[in-house]
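Everything on this sheet refers to the single structure shown next.
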Amino acid sequence: MDVYEAVTSRRAVRGFTGRQVPEGVLERVLSAAAWAPSASNLQPWHVYVLTGGPLAELKKRAGERLAAGDPWDEPEYEQYPPVLKSPYRERRSAFGEQRYGALGISREDLEARQRAASANWECFGAPAALFCYIDRDLGRPQWSDAGMYLQTVMLLLRAEGLHSCAQMAWAKYHRTVAEVLSPPDGLILFCGVSIGFEDAGAACARTGRAPLGETVTFVGGH
């Protein structure tokens, strides 16, 4: 797949088929993704890949917590500032309207929104999931490196005909994830990534992007 096509066709897919992802494909993707850039080549990502029984167990435990009304785990990092200023506030609001609008859910229907959000804990039906940890002693530049690594993974998945959905939501259930994965105490869960073949029948809205002039400034001439 052309790189431009991989970039523009990548999106957060929230509906997967049950078709299994070959282990060899995941190994090929993650082997290539290891070439993602990182400052001083620290390669700060620690990745766990779940499929089959272990992933089913995680989904089961998360579902039980959800059904029991358990509160989210104590956050280990701040996902968003307490107050989002403009234009980020408007962009987040527009995303929510488009996301739930595609499902026919109104802004006022909080119960329906919660039901839709609960699909996170099922990985949206995906048969494979990746969980990215980072050493809690590392700093912001290393978190940036982890982000570049994850983007590389997601683009390579597109080259394999697969889709994905990055989910910071799993950080809210980091204790449950740790029960299944048993990561070292020194690691912190950044996010999960659901991986699989897209369910073409699932409701999905492609969110837009800001005009280039809002985010890019060209300085100088030719």
Side-chain angles (χ1 to χ4, degrees), residues 12-14 16 18-36 38-39 41-79 117-154 156-157 160 162-196:
V13 165
R14 294 181 175 86
F16 296 88
R19 179 181 171 189
Q20 296 300 305
V21 179
E23 184 175 333
V25 171
L26 295 174
E27 289 181 354
R28 182 163 59 243
V29 164
L30 295 172
S31 293
W35 292 99
S38 60
N41 198 32
L42 293 189
Q43 304 166 72
W45 45 84
H46 296 261
V47 172
Y48 294 78
V49 179
L50 266 69
T51 58
L55 180 57
E57 177 64 20
L58 176 60
K59 292 178 180 181
K60 173 178 173 291
R61 294 189 183 206
E64 289 172 348
R65 283 190 61 174
L66 186 69
D70 286 353
W72 288 339
D73 294 333
E74 187 71 21
E76 294 192 291
Y77 69 91
E78 189 174 76
Q79 293 187 6
S118 69
N120 273 289
W121 319 124
E122 281 290 328
C123 293
F124 304 105
L130 172 159
F131 292 88
C132 182
Y133 284 80
I134 189 168
D135 193 303
R136 62 180 69 249
D137 291 332
L138 296 179
R140 292 181 180 179
Q142 286 74 54
W143 284 70
S144 173
D145 291 341
M148 289 191 286
Y149 168 79
L150 290 169
Q151 171 75 337
T152 303
V153 169
M154 291 187 283
L156 288 166
L157 289 170
E160 297 285 353
L162 294 161
H163 274 286
S164 61
C165 182
Q167 301 167 263
M168 283 196 298
W170 277 108
K172 301 180 186 301
Y173 275 8
H174 63 84
R175 295 187 187 279
T176 300
V177 178
E179 288 172 3
V180 175
L181 299 181
S182 300
D185 291 339
L187 298 184
I188 181 173
L189 178 61
F190 175 24
C191 71
V193 180
S194 293
I195 299 169

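Every heavy atom of this structure was used, including side-chain atoms; hydrogens, water molecules and symmetry mates were not. As the structure is a prediction and not an experimental result, all values here were calculated from the model.
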Donor-acceptor under 3.5 Å ([X] side chain, [Y] main chain):
{"X": "Q142", "Y": "G139", "result": "yes"}
{"X": "R136", "Y": "D185", "result": "yes"}
{"X": "H46", "Y": "F131", "result": "no"}

Which pair of non-hydrogen atoms, one from [X] and one from [Y], has the smallest distance, and what is that distance?
{"X": "T51", "Y": "A128", "result": "CG2-CB, 3.7 Å"}
{"X": "F124", "Y": "V13", "result": "CD1-O, 4.4 Å"}
{"X": "W143", "Y": "L138", "result": "NE1-O, 4.1 Å"}
{"X": "W45", "Y": "C132", "result": "CB-SG, 4.1 Å"}
{"X": "P44", "Y": "D145", "result": "CG-CB, 3.8 Å"}
{"X": "I195", "Y": "A126", "result": "O-CB, 3.4 Å"}

> Passes side-chain contact (heavy atoms from CB on, under 4.5 Å), K172 versus Q79? Steps please.
Replying inline: CA-CA 10 Å; K172 301 180 186 301; Q79 293 187 6; 3.7 Å; yes
> Is the CD atom of E23 crowded by more than 12 outside heavy atoms at less than 6.0 Å?
Replying inline: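 No - once you tally the heavy atoms of other residues, nucleotides and ligands closer than 6.0 Å, there are 12 at most.
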> Are there more than 12 heavy atoms of other residues, nucleotides or ligands under 6.0 Å from atom CZ of R19?
Replying inline: no
> Can you find a side-chain donor-acceptor pair between N120 and E122 that sits under 3.5 Å?
Replying inline: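 Per modelled atom types, N120 and E122 side chains form no pair under 3.5 Å.
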>> Taking the basic N atoms (NZ, or NE/NH1/NH2) and the acidic carboxylate oxygens, is any pair closer than 4.0 Å for E64 and K60?
In response: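 A salt bridge is present here (some side-chain N lies under 4.0 Å from a carboxylate O).
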> Salt bridge check: are D73 and R65 linked by an N-O gap of less than 4.0 Å?
Replying inline: yes
> Quick one: are the ring centres of Y48 and Y133 less than 6.0 Å apart?
Replying inline: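 When the ring centroids of Y48 and Y133 are compared, they turn out to be within the sub-6.0 Å range.
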